[in-house]
Every structure is written in structure tokens, then in C-alpha cells.
Amino acid sequence: MSVPVVAPQLAATEGRARHGDTPTRRVRLALRRLVASAAQETAAATNAAHAIQQPITTGRQIAVTSIRGGAGKSTVAALLALTFAHYRPDPVLAVEADPALGTLPRRLGASEVRWSCADLARIVDPSMQITDVTGYLLPFTGGGWLLPGSQGSVGAQLDVETYRVVMTSLRRYFGTMVVDCQTLPAEVARTALTTTQARVLVTPATVEGVAATRTVLDWIGGLHRSMLPTTVVVLAHPAPHTTLDEGAAAGHLEAGGAKVLGLPYDRHLAAGGGVRTGLLGQGTREAAARIAATVMDRAMSRGARAHRLPGPHAASGPDAPASDAPGPTPATPPGPAPMPGTAAPAADPSWHRRPPGPGR
């Protein structure tokens, strides 16, 4: 049975969607384009498109998380999914791994949900074709697909084993998978950070947000030396005029190899609801392309190859595509290290007992 993403009585209260830029700013941008050379702007857009569209040999999985609720995590995940779906020819999947109070289906324009991660984990089978799989997914703008985390139930949970089954089983069908995780230090979020090819940390563009994110980056860097160079920090501006020195913040956060990019305040995004790309401000569209290009570059880097989900069909060479050929069971890696100030997670001996799935 399908469940509305927003109750009908609440949907009626939603106001008219606004453009991300004010009318005055849109006029100013139009005048600037008339008198200024578009060569630099075109070159930047072309470079971003080339990075986003670069060919891949095995599916790229990108985890998006944050240090606190309300930082803009689901918004950034939606922007990434929409951007990849627009530019890439291969199938793109957005996974909501924040089932309790996640908003990714709403951000991607879904009006109702039926199947969830837990439902798909119970029925997914290596013999299924992509047309079988997409029957349990929701389409979104640009040709991408969405797997909701729940049917909107408060307190719904997603356990690590279900997450691993879904991610391992679906990677053969989708070239790019964007995972909207719970906020740290949730266990699934820690698992996603340590098993995906790239990770995005979303933080409000405030001094407090930057300080907390530095602590998280220090923790990530202690897990493996290749993880920081495959990490992107997004400084999301919560108001139109913030006082944070973004350059100084980037210098503080980029120690160790992470990349810091800004996401400007956008009236359309700030209002909530579905993301309509035609209403995004110009600065937001450009920022989304830069973030997507940087994330894909890092997901394709040599350091990202160490973080594939382990399994019988994991790549054996430095960039070998996954294979269906049977092989020895890999050694069980340690579970994700605890976040600073948290207890260590319990040992998980089931890591290597994941149901076998075909390689991409």
C-alpha cells in the first residue's frame, strides 16, 4: 500500500514555490551576461560536465551525511542525485538511508512511497533484471531512481546488514549511487563513510559547524590515510548574509586532503519541498555542478578503490571491475571506528556473510 509523503491536509498549506534568486538579482545577472564575456563561465561549466560524465568501470557509491540535523544533508543529496541524473548516461540511484525522519523522497518530488530499503533487501535476487528492480523504485526528474528508507514512520530503523545487502545487490545496476545517510554518529552512517568510494560532509557555514566538522575529519583521517582525499565538505549557507570567512574555514578543514566547497543560500531550497531545478538560483546551479564534479573526481581516484564494499565479487586489481567469478572469502575487515566521544560499536561477524550478488 502506498503512503503519501506529505499528508493531504498539510500539502494544501504549501505556498507557491519561489525562484532561488530574487527578481532584482535575476535582472542584474541578465545584464551582466549582456556586457561580460561568457567564455570563462562556459569553460567552467564544460569542465564540470566532463568531470561528472567521466566513464566508470564499476559503480560509484557516494555517502552524504552531516554532524547535525538541519544542516542541509538531504538537500545536498538531492542536488547531487539530480545533477548526476541530468549529466550521466548510466542509471543513477538515490538511496534514503535515513528512514526515521528522512526528507529525500520529498526533496526529489515523490508524492507517495510504497517500497523501502528493508522491503527490497528481502526480495532482491541476482537473477533480477534492472526492469525488475526499478519496479520497486520511484523515478525522479532527469531519469534517476529513488529507493526510500521507510514509509514515513517515525522511529523506523535501517540496520547495517540491510544496508549492506541493498548496496551490494544494487551496485550492478547503477553506475552512480547517492546515499542520504543519518547524521553522525549513527552506525549506518559510519558504515557508509568507510565503504563508499567518496563521502560528503554537509555542515552549516558557521564557526560551530566548522569546528565540529574538523573533529569528524580528524576521526575519518584516523581510519585510513586515503579517506580524507576522497572526502568533500559542503559549507551550506543557512541565511542570505553569513559572516563566515569561507576561505579561512576551507584552510582549516582541508588539512589532510579534504576539499571544501560552498553552497550559497537559495530561497527555493530554503522553503523546503521538492527541488525544481528550473527555480534554483544561478549560483546554486553552478555550485551543485562543482560539488558533483569534485565528488565524482574523488570517487574515481586511486584512493577510492580501497573502499568498495567487500564481498565475493569485490575488485581484485587496482581498478578491476567486479566479477561474478567465485573466489576466496575476503578477510573480515574491522567495523567502523567509533566517533569521538562515543562507545565502540559491537563486533559484527556477519560482514562477510552478505548474500552474494553479481558484480557490475
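Along the sequence shown, residues carry numbers from 1.
Between the Arg88 side chain and the Ile52 main chain, a donor and an acceptor come within less than 3.5 Å of each other. Of the possible polar contacts, none joining the Glu254 side chain to the Lys259 backbone as a donor-acceptor pair under 3.5 Å is found. Thr203 places a side-chain N or O within 3.5 Å of a backbone atom of Gly209 that can act as its donor or acceptor partner. Checked by atom type and distance alone, the side chain of Arg214 pairs as donor or acceptor with a backbone atom of Leu253 at under 3.5 Å. Side chain of Arg285 to backbone of Leu280: a donor-acceptor contact under 3.5 angstrom is found. The closest donor-acceptor contact from the side chain of Arg298 to the backbone of Pro229 lies under 3.5 Å. In terms of modelled atom types and a separation under 3.5 Å, the side chain of Glu96 and the main chain of Gly149 share a donor-acceptor contact. A donor-acceptor pair under 3.5 Å links the side-chain atoms of Thr134 to the main chain of Thr131, judged by distance alone. Checking side-chain atoms of Arg171 against main-chain N and O of Gly59 turns up no donor-acceptor pair under 3.5 Å. Remark: side-chain polar atoms of Asp266 are paired, donor with acceptor, to backbone N or O of Gly281 under 3.5 angstrom.
Side-chain polar atoms of Asp119 and Ser116 form a donor-acceptor pair below 3.5 angstrom. Checking Thr215 against Asp218 by side-chain atom types alone, no donor-acceptor pair falls below 3.5 Å. Thr65 and Arg199 form no side-chain donor-acceptor contact under 3.5 Å, judged by distance and modelled atom types alone.
Residue pairs meeting the side-chain hydrogen bond (donor to acceptor under 3.5 Å, both in side chains) criterion with at least one member in residues 242-252, sequence neighbours excluded, are His237-Thr242, His237-Glu246.
Under the 4.0 Å criterion applied to side-chain N and carboxylate O atoms, Arg107 and Asp180 are not assigned as salt-bridge partners.
Atom-to-atom distance recorded for Thr284:OG1 and Arg267:CZ is 11.5 Å, nearest 0.5 angstrom.
Contact between Phe140 and Leu108 at its shortest, heavy atoms only, is CB-O, 3.7 Å.
Heavy atoms of other residues, nucleotides or ligands lying less than 6.0 angstrom from CZ of Arg68 number more than 12.
For the side-chain contact (heavy atoms from CB on, under 4.5 Å) test with Leu235, the passing option among Val210, Thr213, Val202 is Val210; the others fail.
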